[in-house]
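Heavy atoms only: backbone and side chains are in, while hydrogens, waters and symmetry mates are out.
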Amino acid sequence: MSEEKSLNFIEEIIEDDLKDGKYNSIVTRFPPEPNGYLHIGHATSICLNFGLSKKYGGYTNLRFDDTNPVTEETEYVDSIKEDVKWLGFDWKNELYASDYFEQLYEYALKLIEKDLAYVDDSTSEEIALLKGTPTEIGKDSPYRNRSKEVNLQLFKEMRAGKYKDGERVLRAKIDMAHPNMLMRDPILYRIKHAHHHRTGDKWCIYPMYDMAHGQSDSIEKVTHSLCTLEFVPHRELYDWLIEKLEIFPSKQIEFARRNVSYTVMSKRKLLQLVQENHVQGWDDPRMPTISGMRRRGYTPEAFREFCDRVGIAKRDVLIDISLLEFCVREHLNRVALRRMVVFDPLKVVITNFTEGVEILEGEDNPEDEKSGNREIPFGRELYIEREDFMDNPPKKFFRLFPGGMVRLKYAYIIRCDEVVKDENGVVQELRCTYFPESRSGHDKSGINVKGTLHWVEQTNAITAEVRLYDRLFEVEDPSNEEGDFKDYINPDSLKLEKTVYAEPALKNARLEERYQFLRKGYFTLDTKDTNQRLVFNRTVTLKDAWAKEQKKR
RNA sequence: UGAGCUAUGGUGUAAUGGUAGCACUACUGAUUUUGGUUCAGUCAGUUAAGGUUCGAAUCCUUAUAGCUCAACCA
C-alpha cells in the first residue's frame, strides 16, 4: 500500500490541528446553493470534503446555502442529494442555512447592540458609489452613525415587513477605507418579499452570504470549512464576524477550483447551453454535470479515482480531460461485459458453411476470472464492419482484403475469396471460406493471422440505436477564447447511429450494466429514451492505435 | 493603476535547505484471438534576474505573468 503518499496542504493543516489537540475529529460540510445542477467541479469538492472527514475520523454535513429565495428551488435540492449519494457519500446531517434564520437574526441584533452594524437607507446605487473602487477608498454613509436604539427599531421594522424591497439594508460597521473592499461596511441583510422554498412567507429579510455562511459553519461546529479561491477575500470578514459574535471558530481554507479541458463549468454558461438548446437538458450526456455524465455511463469509481489523481492546490488549473477518460476506461475495462455490435454492416457469406447455425461461446470479460460466458450464434451469413474491409489496403492494414485472412472473434479464421460489387463499384458482399479446424480455443489450423474482427450472425442479430458523443467544445478552454464561448461548440459532439446490429445476448441489456462493444468503446443503456427499443450511449471510445496511425498520413 | 492569492515537463501533482520523483498525454518496442488490456522504454520541467548558504524548486529582494475583489448573488 502507498501509505507513503504525501499530504496535500489541507491535510497538513488538519494533521497539525489534530496533533496540537485542537480537535479530536473533524467536521466538514458540502454547502451547495440549490439553484442549479452539480458538475465535475462540485464532484471534486464533494470528494474532498467527504474524503477528508472519512480519513480523519469525523463527518460531513450536507448544507444547502439557501439564503436567496428568488433563485432557489426544491427541484435542485433533490437532484443535488441524488448526485451526492450516487457518488457514494453519506452525509451525517441534511441541513439548511434557512434552518438558522432565527439564530442569524439574533446574531444581527447582537452586532447592532455592539454598535457593529447599522441600518442604511441608501439606494443600492448610492451604496455602490460610496463604496469606492479597488484603488480608491470609500466614504461613510450618512446613516452610519445612527444610534443603537434607532438601528434596533429600524431592523425590527424591516423584519416586520414595514419596508419594501431595497428600501433599507443592514450593514456591518467596519471601515470604509479598508483595502479589502469586502470590509467596507458589507451588507448583512436585505429585504426581499419573496417566497422561500422552505420557510415560505415567514421572512421578508434574508441574510447575505457573508452573514450566513460562516455562522452556519459555526453553529454546526464545522472545524474546516473548505471553499474555492474566490472566497479568499471573504476570509477576513468570515473571521471578523466569528470574533465579534464570539461563536465557535470554524476555519475557512481555500483551494483552487478545478476546471477540465474541452468543457465549461460555470453555472451561467451551463444554463445558457440548456436554455438555448445547444444540448437537450441538464442531464444531456455531453454536459459536464454529474447527472449528464452518469447518464453517459461514467461511474462513481471513475470520479473518485479522478479526484484522487488530480490532487489539490492553490493555483488555477485546467485538467486534461484525457485523465478523466483514463479513469473511466480503467474502471470500465474491469467491469464491462464484452459484446459484439456492428455499426455499418457489410455482408459476408461463408460459402463452405452449410448447416443452419452453430452456437459458440464468448467470455463476458477477460479481465475478470469470475465472469461467465455467453452464447454467440455463427452461421452462413454474417455482418462485419464495412471499414474492416479494404479493396486496396495500405501496408500495416491487419484486416480483411481480397485473398486476405482474419479471425472472427470467438469463432473461425476466414479467407476473402471474392468481392461482389454493384454497378457503381460499391462493395455489396464478401464471399469467404472458413477453416473449421481454426475454431477459437481449438485451433489446429496452424494459420497465423494479424487481425481479429467483431461480427454478428445475420438471422439472429438484433437492432439497436447508439449515440456517439464527443467533446462538447473544439477548443481546450472555451471560456478563454476570443468572442463567445458558444462559438466553439463542437458541431459533431453527437453522432447518431439509428440502426446497428448486435449479437442476441444484448437483448437482455440492463440499465445498471456497462458494456464494451468490442473494438468500439464502452456503452451503457440510456436511462430516458427506452421505450420499445435499445438505445445505448457511448461513454468513451477505446484507445485506437489504428486511428492514430491513419491520422499520421 | 490599490489590496490579496499563485507560479515545477504539453497536463496535473510531489520533493517541507541535501539525488527534481509520480501519474496522464505523446512517441518506441514486446505480448495479445479486441490495433483493447498488460509490460518495458523514450521525449520533456523548477517564470526571470540578483542575494543568503558548503548546498536553494524550497529562504530573501526585485521583476514578470496569471487569477480574485468595485452583486441588496453564492
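At the heavy-atom level, A:Tyr206 lies nowhere under 4.0 Å from the strands shown. If you check every strand for non-hydrogen atoms under 4.0 Å, A:Gln516 touches a base. Counting non-hydrogen atoms under 4.0 angstrom, A:Met340 reaches nothing in the nucleic acid. Using a 4.0 Å heavy-atom cutoff across all strands shown, A:Lys396 reaches at least one base atom of the nucleic acid. Residue contacts for A:Glu367: at a heavy-atom cut-off of 4.0 Å it reaches a base atom on one of the strands shown.
Under 4.0 angstrom from either OP1 or OP2 of B:U33 there lies no side-chain N or O belonging to A:Lys450. OP1 or OP2 of B:A74 has at least one side-chain nitrogen or oxygen of A:Arg190 nearer than 4.0 Å. For the pair A:Lys548 and B:C27, the criterion of a side-chain N or O lying under 4.0 Å from OP1 or OP2 is met. Phosphate contact (OP1/OP2 of B:G36, side-chain N/O of A:Lys543, threshold under 4.0 Å): absent. Put simply, A:Thr133 has no side-chain N or O that comes within less than 4.0 Å of OP1 or OP2 on B:G2. Here A:Arg257 does not reach the OP1 or OP2 of B:U68: none of its side-chain N or O atoms lies under 4.0 Å away.
A residue-by-residue look at A:Phe326 and A:Phe231 shows that A:Phe326 has its nearest nucleotide of RNA chain B further toward the 5' end. Take the nearest nucleotide of RNA chain B for A:Phe9 and for A:Thr452: the residue whose nucleotide is more 5' is A:Phe9.
Contact annotation: side chain of A:Arg258 to base of B:G12, donor-acceptor pair absent below 3.5 Å. Judged by distance alone with a 3.5 Å cut-off, no donor-acceptor contact links the side chain of A:Thr135 to the base of B:U1. Between the side chain of A:Arg329 and the base of B:U37 there is no donor-acceptor pair of N/O atoms closer than 3.5 Å. Checked by distance alone, A:Arg519 brings no side-chain donor or acceptor within 3.5 Å of a matching partner on the base of B:U34.
Set against B:C73, B:U13, B:G35, the side chain of A:Trp546 has B:G35 as its closest nucleotide.
The residues A:Glu330 and A:Arg309 are annotated as salt-bridged, a charged nitrogen and a carboxylate oxygen being separated by less than 4.0 angstrom. Ion pairing between A:Glu220 and A:Arg63 holds under the 4.0 Å rule for side-chain N and carboxylate O. Salt bridge annotation for A:Glu361-A:Arg374: absent, with no cationic side-chain nitrogen under 4.0 angstrom from a carboxylate oxygen.
Summarising the geometry, atom CD1 belonging to A:Ile80 is positioned 5.0 Å from atom CZ belonging to A:Phe64; distances are rounded to the nearest 0.5 Å. Distance check, rounded to the nearest 0.5 Å: CH2 of A:Trp282 to NE2 of A:His39 gives 8.5 Å. Summarising the geometry, atom NE2 belonging to A:His197 is positioned 10.5 Å from atom CG belonging to A:Asn35; distances are rounded to the nearest 0.5 Å. Atoms OG and CD, from A:Ser266 and A:Gln272 in turn, are 8.0 Å apart once rounded to the nearest 0.5 Å.
Taking the C1' atom of each, B:A15 and B:A20 are spaced 7 Å apart, rounded to whole Å. Comparing the P positions of B:G21 and B:G41 gives an interatomic distance of 14 Å, to the nearest angstrom. Atom name P, nucleotides B:A57 and B:A48: the rounded distance is 11 Å, in whole Å.
A distance-only check finds a donor-acceptor pair linking the side chain of A:Asp165 to the backbone of A:His193 [under 3.5 Å].
Distance A:Glu230 CD to B:C73 P: 17 Å, rounded to the nearest Å.
Stem list for RNA chain B (at least 3 consecutive Watson-Crick or G-U pairs, distances under 3.5 Å): B:2-7 with B:64-69, B:10-13 with B:21-24, B:26-30 with B:38-42, B:47-51 with B:59-63.
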